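To keep things clear, I will list the structure first and then write my remarks on it.
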Amino acid sequence: MNYWLVKSEPLTYSIEQFKDDKTTLWDGVRNYQARNFLQAMTLGDLAFFYHSNTKVPGIVGLGKVSQTQVIDPTQFNPQSPYFDPKSSPDSPRWFTVELVYVKTFAQVISLAQLKEQFKGEDFALVKKGNRLSVMPVPEKIAQKILTQKIFSGV
DNA sequence: GCCAACGTTGGC
DNA sequence: GCCAACGTTGGC
């Protein structure tokens with residue numbers, strides 16, 4: 001099983017909304033590198049839910065991949081901000097996954113904290129200039145994040 | 001195929 | 001609101 005991190009601006013889609021929805025289609029990703037990661041996801045993979053562009057950016061919770069290789073429907077919808085006129089149903093360009101809500105952490109694991117803890121490690125989030133909205137998280141790092149939340153989240 | 005211009009992301 | 005980093009576009 002693999003671990004991932006997905007970013008969302010809470011004003012656009014928050015962990016609270018995710019909790020209410022129970023499942024969500026991770027649509028609107030229009031970056032090839034991010035799409036490739038979405039396509040690499042397998043059933044049961046865990047995804048850290050990250051709030052970006054907010055007062056305290058950081059990991060706020062956890063989701064699980066519940067459906068893979070989903071064709072992002074927004075690419076065909078001219079009304080959608082994610083409409084892509086160059087994509088066609090015959091050869092769709094953008095794929096995504098469905099996520100099911102797992103939990104919200106007791107407190108935000110802030111970007112500042114993550115940078116400090118995983119400085120220099122193989123974790124795209126803490127590297128300079130990274131703007132990817134979907135990225136892999138090495139298992140060792142994922143385990144550390146999960147473990148510290150199990151202890152502090154009680 | 002190069003690269004300048006432009007747009008977007010996202011931390012601060 | 002600023003701006004660095006980076007992706008994309010389009011002229012040539």
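Model, not experiment: these values are computed from the prediction.
Taking the side chain as every heavy atom from C-beta outward, A:L5 and A:L125 approach each other to under 4.5 Å.
Atom pair A:R131:CZ and C:dA5:P shows a separation of 11 Å (rounding to whole Å applied). The separation between A:K7 atom NZ and B:dT8 atom C1' is 12 Å, rounded to whole Å. Spacing between atom CG of A:L11 and atom P of B:dG11 amounts to 13 Å, rounded to whole angstrom units. Taking atom CZ of A:R93 as the reference point, atom P of C:dG7 lies 17 Å away to the nearest angstrom. Distance A:K128 NZ to C:dA4 P: 11 Å, rounded to the nearest Å. Between A:Q33 atom CD and C:dT8 atom C1' there is a gap of 14 Å when expressed in whole angstrom units. Remark: P of C:dG7 and CH2 of A:W94 are 13 Å apart, rounded to the nearest angstrom. Regarding A:N31, its CG atom lies at a distance of 15 Å from the C1' atom of C:dT9, rounded to whole Å.
Contact between the side-chain N/O atoms of A:Y32 and the OP1/OP2 oxygens of C:dC6 is not found at any separation under 4.0 Å.
For A:N130 and A:N53, each mapped to the nucleotide of DNA chain C holding its nearest heavy atom, the one lying further toward the 5' end belongs to A:N53.
A:K55 comes within contact range of no nucleotide atom at all, as no heavy-atom separation falls under 4.0 Å. Heavy atoms of A:L132 sit under 4.0 angstrom from primed sugar atoms or phosphate atoms, though from no base atom.
A salt bridge (charged side-chain N to carboxylate O under 4.0 Å, His left out) with A:D84 holds for exactly one of A:R35, A:R30, A:R93; it is A:R93. A:I109 pairs with exactly one of A:V56, A:V60, A:I59 by the side chain to side chain contact (heavy atoms under 4.5 Å, CB included) rule, that one being A:I59.
Taking every side-chain heavy atom of A:K115 into account, B:dC12 is the closest of B:dC12, C:dT9, B:dT9. For A:S52, the side-chain atoms get nearest to B:dG11 when compared with the rest of C:dA5, C:dG7, B:dG11. Here B:dG10 is the nucleotide among B:dG11, B:dG10, B:dT8 with the atom lying nearest to any side-chain atom of A:S133.
Residues A:S66 and A:E98 bring a donor and an acceptor atom of their side chains to less than 3.5 Å of each other. For the residue pair A:S88 / A:D90, no side-chain donor-acceptor distance below 3.5 Å is found, with atom types taken as modelled.
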